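These numbers come from the heavy atoms of this one structure, side chains and all, not from hydrogens, waters or symmetry mates. Predicted, not measured: the structure shown is a model, and the values here were computed from it.
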Amino acid sequence: SDARQQEWEANDFAAELLMPRRLFAADAERLDVSIAAVQRLAAGDMYDVSVTAAAWRLVQTTREHCAVVVSRGGAVEWIVRSERFSLPVTERRQRLHPDTLAAGVFRGEGADAQPHPVPAGVWLDAPAPIPGVLLESTHRIPSLDQVISLLW
């Protein structure tokens, strides 16, 4: 819809104004891919933006294979992937697999900004099991009942 298009354009404008692509990408490149890095970029002495905005911008600007998954109430709300991340992440509105760190946060376990390995299959939606691991780090936003997961 036109309203949705206008919202996307406004978000892109705000992101470029507050977190200029070239500067943000250079700063992000010096950090690891994790929520800890996102929190650093979002801090008042860096870009002074929300963790959600910084995570989104990290995924937009990085050369790494990564994705941000925002869940609410134990289900996937939205996903954004870097250009290089082509794996089939769980779809919107699906319940989180119990072995994701995000599901653990909804169960009352603490969020962890440092990346931890999780089986790839707990985040990926594929017809056959996918071997290997992904790294997941999490950030909890209690006021919105959200958990941000950065997958790498």
Q. Looking at CG of N11 and CD of Q6, how far apart are the two atoms once the value is rounded to the nearest 0.5 Å?
A. 12.0 Å
Q: Please report the shortest heavy-atom distance between I35 and S137, naming the atom on each side.
A: N-OG, 2.8 Å
(Q) Can you pull out every salt bridge (charged side-chain N to carboxylate O under 4.0 Å, His left out) where at least one residue sits in residues 102-112? Sequence neighbours excluded, please. (A) R107-E109
Q) How does the hydrophobic cluster around L17 look, that is, which other residues are in it when side-chain heavy atoms under 4.5 Å mark a link? A) F13
Q: Dump the intermediate steps for side chain to side chain contact (heavy atoms under 4.5 Å, CB included) on L41 and L31, then the final yes or no.
A: CA-CA 9 Å; L41 292 162; L31 302 170; 3.8 Å; yes
Q. Given T90 and H97, is the side chain to side chain contact (heavy atoms under 4.5 Å, CB included) satisfied, shown in steps?
A. CA-CA 9 Å; T90 301; H97 188 287; over 6 Å; no
(Q) Are L96 and V76 packed together at the side-chain level, in the sense that at least one heavy-atom pair is separated by less than 4.5 angstrom? (A) yes
Q) Nearest heavy-atom pair of A25 and T61: which atoms, and what distance? A) CB-CB, 3.8 Å
Q: Work out which heavy atom in V59 is nearest to a heavy atom in S82; give both atom names and the distance.
A: CG1-N, 3.1 Å
Q) Crowded around R63 CZ? As in, over 12 foreign heavy atoms under 6.0 Å? A) no
(Q) Could you check whether any side-chain heavy atom of D27 comes within less than 4.5 Å of a side-chain heavy atom of M46, counting everything from C-beta outward? (A) yes
Q | Nearest atoms (heavy-atom pairs only) where D12 meets Q60 | A | OD1-NE2, 4.1 Å
Q: Output yes when D45 and R40 qualify as a salt bridge under the 4.0 Å nitrogen-oxygen rule, no when they do not.
A: yes
Q. Do you know which two heavy atoms are closest between A42 and A54, and how far apart they sit?
A. CB-CB, 3.8 Å
Q) Between T100, L101, D99, which is the residue that forms a side-chain contact (heavy atoms from CB on, under 4.5 Å) with V118? A) L101
Q.
Starting from L23, can I reach L18 by hopping between I/L/V/M/F/W/Y residues whose side chains sit under 4.5 Å apart?
A. yes
Side-chain donor-acceptor pairs of residues 141-152 under 3.5 Å, sequence neighbours excluded:
from, atom 1, to, atom 2, distance (Å)
D145, OD2, G73, N, 3.3
Q146, NE2, E77, OE1, 2.9
S149, OG, E136, OE2, 3.0
W152, NE1, E64, OE1, 3.2

Q: List for me each residue that meets side-chain contact (heavy atoms from CB on, under 4.5 Å) alongside D125, sequence neighbours excluded, and say none if there are none.
A: E91, Q94
Q. Any side-chain heavy atom of M19 within less than 4.5 Å of one from V49?
A. yes
**Q.** Residues forming a side-chain contact (heavy atoms from CB on, under 4.5 Å) with A120, sequence neighbours excluded
**A.** L124, I130, L134
Q. Heavy atoms, side chains only, cut-off 4.5 Å: are C66 and T62 in contact?
A. yes
**Q.** Pair listing, ring-ring contact (aromatic ring centres under 6.0 Å, His included) test, anchored in residues 21-72, at least two apart
**A.** W8-W56, F24-Y47, W56-W78
Q. What is the minimum heavy-atom distance between A111 and V105, and which atoms define it?
A. CA-CG2, 3.7 Å
Q.
Using the rule given for salt bridge (Lys or Arg N to Asp or Glu O under 4.0 Å), can you reason through R57 versus E16, listing the C-alpha separation, both sets of side-chain angles and the distance that settles it, and then say yes or no?
A. CA-CA 9 Å; R57 194 61 162 172; E16 189 59 34; 2.6 Å; yes
